[in-house]
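Below you'll find the structure, written out as structure tokens, and then a few comments.
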Amino acid sequence: MGDHYLPVDGDPYREWWHQQFAIPPDTLEGCSFWQRGRSSIWVAAADVDPGRLTPVDGVGIPCLRIGRDVWKPTAIAAIEFGVEACRNVVELDTEETRRFLDREVIAFAADDPRRTLPNRGFVIARYHGLPMGCGLWSGGTLESEVPKGRRLPEIDLPLRR
Amino acid sequence: MHLREPGGCGEYAADPMQDTTQALLRYKDLVDDWEALVETSHRPLPLVVWENPLRRAHVERLAIATGLDRRATVGELLASRGYEVEPLAWRGGAWRVRGLDKPGRTIEHYLGLMHVQEEVSLAPSAVLGAESGETVLDLCAAPGGKTACIAVGMANRGTVVANDLRPQRLRALRSNCERLGIRNVVVTPINGTRFPDDAGPFDRMLLDVPCSCEGNLRDSRPTARRARRNQVEGRGGLQATLLGRAWKLLRPGGVLVYSTCTFAPEENELVLDHALGEDATIEPFSIAGLRHDAGVSHWAGKSLRADCANLARYWPHHNDTGGFTIARVRKAGAHG
Ligand SMILES: C[S@@+](CC[C@H](N)C(=O)[O-])C[C@H]1O[C@@H](n2cnc3c(N)ncnc32)[C@H](O)[C@@H]1O
């Protein structure tokens, strides 16, 4: 159950968040990065120190899934850093946000201005500028990547629109 | 040793009202107003939330979208939607909220802008006083409300090792810390009685031991009732063993906070009296706005360490909270 978390050079991951979502690099400057297994990258405080503890079951918060050709941000990191994102962001209205939190696939009409997003890739879904998680955008549809454990279609969304 | 099995009063009657009264009978001599204690214990707990300062940018966005001033607090956000909100008397950034039946469904909760936590269980982290950049051990940490308070209080710097024996409960802890954006927590699933020596030394420690949970009598959720019934599984002396182990991992001059959500001296003063030696001092403390009673240095015909009187016992009827007992213990040696 317990795993090893190894400290890794954070530059490739800071760069990825910058490239993918135009998040200013200094947002992730004061962080350390840790790798668990082959594909799980975690982000933690700069000075966090697990010392010689073993087993360890978490260092900071999960941040990225690497290891495939496309890296995937975690929902929690999308919420964490997504306020500052200015690229690959989809703004959702109230009804869409509810469906997003129900882990649905949302199709956008052909004349929807949001369809100008690139063809395929991970995006941050926002509600009135608030990052709600990440989704997979492909040719005009948004597939919610909200983890099952955080699914919340009955969320009370207080804002109009 | 006269340590009570954690779970000594685990056998409750079917009627919860009667359970409560029964469980409290043994404190008639310890408390100023037993009838008030019983009466309060039969009322449900107020709902309390605290704002997560790590999510200031998110709170600001929500405030602006709501049409409030950008500096609006989570309390003000909830008030703007018609909930009745009252700031805690003793701590900023936390409120009692009336009318919010399902706090887990709010956008504030989903985004980690706030955490729901019983009022008096915010006290141990305040008494611990961990500072940014320190190394802290929370030996019995799940589901992590107090870990979150400590970690957030350290402004996401330093290290909080959050340990618990139960993997299921650790999942809840991780989920809470992730939702709140806490990055200075390291999670470990180790039996606290065998926590390794070379993990230390720690600057501060919270030891929020498993106990018979009498202070939770007001919590009527099924999980809380189950927890009270599960007391029977506890083993006598576990609390003292955990304290003995933790003490070895604390640096000289370091601070350990021992807390239980129970009133029983057998799970508080007697444990400290048994497990602490001459290199320990139970320090006096008080929290302005949160009333407590002193600990006892005599119980059931036995004389205890004099500094046991420095324990703080929080009775439900004094502050309209759950019940709690807290000791702040300093280890001899270099301060600072
Ligand atoms: C009172 S609860 C802790 C509550 C927690 N501090 C919070 O604020 O959310 C006690 C915890 O001790 C854990 N526990 C019991 N025996 C233990 C042991 N030997 N080592 C470590 N943890 C233990 C239980 O699983 C339980 O989660």
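Chain letters run A, B, ... following the sequence lines, proteins first and then strands; every chain starts at 1.
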Extract all donor-acceptor atom pairs below 3.5 Å that involve side chains of residues 178-191 of chain B and protein atoms in other chains or at least two apart in sequence.
from    : atom 1 : to      : atom 2 : distance (Å)
R179(B) : NH1    : H109(B) : O      : 3.0
R179(B) : NH1    : M114(B) : O      : 3.1
R179(B) : NH2    : H115(B) : ND1    : 2.9
R179(B) : NH2    : N176(B) : OD1    : 3.4
R183(B) : NE     : E80(A)  : OE2    : 2.9
R183(B) : NH2    : E80(A)  : OE2    : 2.8
N184(B) : ND2    : A151(B) : O      : 3.3
N184(B) : ND2    : R157(B) : O      : 3.1
T188(B) : OG1    : N163(B) : OD1    : 2.8
N191(B) : OD1    : T193(B) : N      : 3.0
N191(B) : OD1    : T193(B) : OG1    : 2.9

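Of the residues considered (A77(A), G149(A), G51(A), P158(A)), P158(A) shows the highest number of contacts with chain B, using heavy-atom pairs under 4.5 Å. Considering only heavy-atom pairs separated by less than 4.5 Å from chain A, the leading option among V161(B), N156(B), L62(B) is L62(B). Among I76(A), V83(A), V59(A), the residue making the largest number of heavy-atom pairs under 4.5 Å with chain B is V83(A). In terms of non-hydrogen atom pairs under 4.5 Å with chain A, the most contact-rich of I64(B), L111(B), V160(B) is L111(B). When the candidates L157(A), D49(A), T74(A), T97(A) are compared by the number of heavy-atom contacts under 4.5 Å with chain B, D49(A) comes out ahead. Here G158(B) is the residue among G158(B), P196(B), A162(B), A65(B) with the most heavy-atom pairs under 4.5 Å with chain A.
Heavy atoms closer than 4.5 Å to chain B are found in the side chain of L152(A), but not in its backbone. Neither the backbone nor the side chain of S80(B) comes within less than 4.5 Å of any heavy atom of chain A. Contact annotation for T54(A): only backbone heavy atoms (N, CA, C, O) come within less than 4.5 Å of a heavy atom of chain B. Using a 4.5 Å cut-off between heavy atoms, I155(A) contacts chain B through both its backbone and its side chain. Of the atoms belonging to Y127(A), it is side-chain heavy atoms, and not backbone ones, that fall under 4.5 Å from chain B. Within the 4.5 angstrom heavy-atom criterion, no atom of A46(A) approaches chain B.
The existence of a salt bridge linking E108(B) and R81(B) is confirmed by a sub-4.0 Å separation between a basic side-chain nitrogen and an acidic carboxylate oxygen. Taking 4.0 Å as the cut-off between side-chain N and carboxylate O, R166(B) and D164(B) do not count as a salt-bridged pair. Residues E104(A) and R151(A) are not paired through a salt bridge, judged by the lack of any N-O separation under 4.0 Å between the basic side chain and the carboxylate. A salt bridge does not link R103(A) to E145(A): none of the charged side-chain nitrogens sits closer than 4.0 Å to a carboxylate oxygen.
A donor-acceptor pair shorter than 3.5 Å cannot be found between the side chains of E51(B) and T73(B).
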| message | salt bridge (charged side-chain N to carboxylate O under 4.0 Å, His left out), that's the test. Do K146(B) and D208(B) meet it? Break it down for me. | response | CA-CA 9 Å; K146(B) 296 180 198 81; D208(B) 189 38; 2.6 Å; yes
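Between atom CG of residue D47(A) and atom CD of residue E134(B) there is a gap of 11.5 Å, rounded to the nearest 0.5 Å.
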